[in-house]
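Take a look at the structure set out below.
Numbers here are sequence positions counted from 1.
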Amino acid sequence: MASVGLLAMGSGALAAEVQAAPDVGAVAADTAADKVPGQDIVVTGSRIARSTFDTPMPVTSLDEKQLQAKAPTSVVDLLRDMPALRPNRNNGSATDVGASTFNIRSLGATRTLVLIDGQRTMNSSPTGGFDLNLLPPALIKRLEIVTGGASSVYGSDAVTGVVNVFLDGKLKGGKADAQYGISGEGDARTFSASLAYGTGFAEDRGHIVAAVSYFNRPDILYQGARDWGSNGLTLIPNQSYTTSNGQFRQLIVPDVRLSSMTYGGVITSSGALKNIQFGVNGAQSQFVQGTNVSSIWMQGGEGLMLQPNFAVLTPSSKRYNGYARASYDFSPSLTGHVDVLFARSEQRQTNNYNYNNGDITIKADNAFLPANIRALMLANSMASFTLGRLNPELGLNDNTTKNTYIRTSSGLNGEIGGGWSWDANFNYTHAVYDNQSLHNRNNARWTQALDTVIGTNGQPICRSTLADPTNGCVPVNPFGVNTVSAQAVDWVTGTSWIRAYSNQVDVNLNIKGSPLSTWAGEVQTAFGAEYRRETVDLKSDPVSAINGWRQASSAPYQGAVNVKETYLEVGVPLAKDVPFARDLQLDLAGRYVDYSTSGGTGVWKVGLNWNVNDQIRFRGTYSRDFRAPTINELFAAATVRQGNGVIDRTTNQSVVVATLSGGNAALKPESAHTLTFGVVLRPDFLRGFQFSVDAFDINLTGAITALIAQEVIDRCFAGSAVFCAGVQRNSAGTITQVQVTTFNAQQLKTRGLDIEASYRTALGDGDLTLSTVATYVDRLTTISNGVVTDTAGQLTGTNATPKWRAATTVSYHQGPVLLRLLGNFVGGGKYDNSYGPLDLDKNSYAGRYYLDLSATIDITPKLQLFAKVENLTNVAPPLLAESTIVRAGAANASGFYDTIGRNFGVGIRARW
């Protein structure tokens, strides 16, 4: 989908502007700025206005022409094209359904600051961050990414960098866009459309822009819709493994099924009753188990296979966006603006049924117990046994997340005189995060309903009703398929909900200019102050408030933080037009912040930008950055979620555990030291060629960390006492609960290279452009209690990333036609770097290379058609299977790979 910004040029310029479009990031940005000498441009990495994009910090840019060539239907579509950004997709979860975030360096989305028009944004969800699904590509003029610490320029959260989204507030004329997409399998249908118009008033002293957009992906796509996802591939423990027999400890194998649950119930207790299952009308038979039988999974047998029909590849999604901006020049030196961004998104997906993995206790006096089973219990002196059941009568867990985001921004900017300028801004954001889970199970009622006896009237009754006749309990018959009555379903199930209201007020004043000059030019300065207050009020239903549902519970909480900041940035020219330097500039920045929750601290940055000549430029920065804990990380109420499947490394058994999450009021800010340095080359002997390489090294101390349950277990097994303290076991030594509460880990480090190159030349009657953007990660380590975990080159886990990612573009423009071929490389790696030679039979996976082809044709200067094919060669993802009962997916363990397959899109753009 084209951005609004393309139309600001006027309809007649469409073909010419597309022809000039570079397909490169930071290097292309340098060139574009150099073509307009003397024009001040504020780059995201700095608040100082410069005549070029020459900053000490790498800045990658996507402009409207690149967005048009890509034709994305959501900002999430761009993440594969930016190797420094990790694609984050929350598929399969009950909360923050389908949420996607910017995540630079795979160090976590909370360490990447998102700006809109240079102003800080507020998270759309207290738990899920800023969801990119709220951003409409059709309204974006430009997107800039700074891959380096920028806390001294923008404050907290900019530890790994900044993503700045620019909306077009100067559109002239109108435009309409529409696009339809469908996969090669006939599913994954999408439709998007946008309409925008801008015009001047009051003799062009004022300007108004209004725009709306719509996106719809109506269907949930499940793994079974793809050949690679239909064979039940799952990670399971090898039950034959010993430390000395040379077999693998874990296996990724097909045809994996549930070993302790059936739709009608199966007895899981050892002894004479084990594996008796109940079918239609309670018919009894022997449950046939397969091989590698653990407490959750087995290979083969007649159990249920969850993955094809329950593992979600993409949720359904719907989005509405509106944008309006009014600006007015009160005088040649004073301009004001007011703008409003409205976004509403709704995403839905399902989990499996409310299950009981062999944990239903059936007593000998159960009212529904078949007579022959009771007789066997009596003969074998059994007071009770355990039953496993999937409970389809209760319905699928159906989870929907709705985000409403309203952002208003107003400001004044003007000239003071003597080259000084100022701007003052007031931003107010209101967000409502609404999560609902249909057919959720009330655990307390379900337990009561299963514990039944024969009442005085000879009918089944809940045991609890004997003591409390008015408790309303409806007895449940668990023996057989569809034996749970509709009345019982109504009593034990319901809709859980979480609703969070977030508000942010941000006021800032910025002044920039030149107070003096050196022998090499003017000293540029920018300074200012900012005040911000953010509040969260999370409410939930009464059952959620006591963690009473099987899933998606959250107790209510409130929290607030206010921040006072002041900063100073100085650009000092050290040399100009001398033999060793066309120019040499020192950049200094400092910021002091005072958080109501964690106190005050200072951050700083030192940068050097050295243009040796027109062909060689060196750049580098060293900074101290920080991130203060969020309101949710501090104040979120303790939440227990049931039913997470993990593998106990100590016993090599699959077990179902509860997870305990929540805030930690003792959290301290994390601090990082970031070093970036590199070189930009534009050799005269190869006109049209540009190249840059930048090294990065980040050392984060006191890292605020929240891992998934399996990671906590694995790191405990590796010897970290911090993580072992969060693993609870019962008297039999079985893990029952894992604490995933946020805490300050000791250290988080990463280092690597960012590489960009482009070449443009005439070819025949047209122009050919080649470009590449690549990132190499040498290490990404977490250090806790002396235990070092390196996840560079690892494909699963919280901070995991392939060592290599790259995006290469070949575009050719001739006359009214533009052709573009994009190749995305995602490097291979290990399932888990910590695994030894016999820990997993499939621990190494090859990389994937994806090809996207797109074409546009100008029918008239005001009408354009376009088409695209993504994943042209229909590359399947590596099958990085999971073991969790919730989704047991074969591909969602890593967000780096495409799971849809070949995908087609066609569209039309009109201008007037």
- Say whether, by atom type as modelled, one donor and one acceptor occur between the side chain of Ser854 and the main chain of Ala69 under 3.5 angstrom. yes
- Got a salt bridge between Lys70 and Asp81, using NZ or NE/NH1/NH2 to carboxylate O under 4.0 Å? yes
- Phe696 ring centre to Arg751 NZ or CZ under 6.0 Å, with the angle to the axis within 45°? no
- Query: How many angstroms lie between CG in Leu879 and OH in Tyr845, if you round to the nearest 0.5 Å?
  - Reply: 7.5 Å
- Working for side-chain contact (heavy atoms from CB on, under 4.5 Å), residues Arg105 and Thr147: CA-CA 8 Å; Arg105 307 285 181 225; Thr147 51; 3.3 Å; yes
- Heavy atoms from other residues, nucleotides or ligands near CG of Asp227 exceed 12 (cutoff 6.0 Å): no
- From Phe723 CZ over to Thr782 OG1, what is the distance, rounded to the nearest 0.5 angstrom? 7.5 Å
- Query: Using 4.0 Å as the upper bound for N to carboxylate O, is an ion pair formed by Arg848 and Asp898?
  - Reply: no
- Those residues that, when tested against Thr750, pass side chain to side chain donor-acceptor pair (under 3.5 Å) (two or more places apart): none
- Item | Derivation and outcome, side-chain contact (heavy atoms from CB on, under 4.5 Å), residues Lys830 and Asn843 | CA-CA 5 Å; Lys830 303 285 189 180; Asn843 196 33; 3.7 Å; yes
- Item | Asp852 CG to Arg80 CZ distance, which is reported to the nearest 0.5 Å | 5.0 Å
- Item | Residue among Thr789, Thr798, Asn799, Thr791 satisfying side chain to side chain donor-acceptor pair (under 3.5 Å) with Glu711 | Thr798
- Item | Check against side-chain contact (heavy atoms from CB on, under 4.5 Å), Arg902 and Glu185 | CA-CA 8 Å; Arg902 187 180 296 115; Glu185 301 292 333; over 6 Å; no
- Residues Arg111 and Glu670 bridged, charged N to O under 4.0 Å: yes
- Test side-chain contact (heavy atoms from CB on, under 4.5 Å), reference Leu667, set Asn744, Thr741, Thr630, output is Asn744
- Under a 4.0 Å N-O cut-off, is there an ion pair linking Arg226 with Asp187? yes
- Task: Ignoring hydrogens and angles, tell me if any N or O in the side chain of Thr242 forms a donor-acceptor pair with the backbone of Asn245 under 3.5 Å.
- Result: yes
- Apply side chain to side chain donor-acceptor pair (under 3.5 Å) to Tyr222 and list each qualifying residue two or more places apart in sequence or on a separate chain. Thr350
- Query: Looking at Asp839 and Arg249, does any basic side-chain N land under 4.0 Å from a carboxylate oxygen?
  - Reply: yes
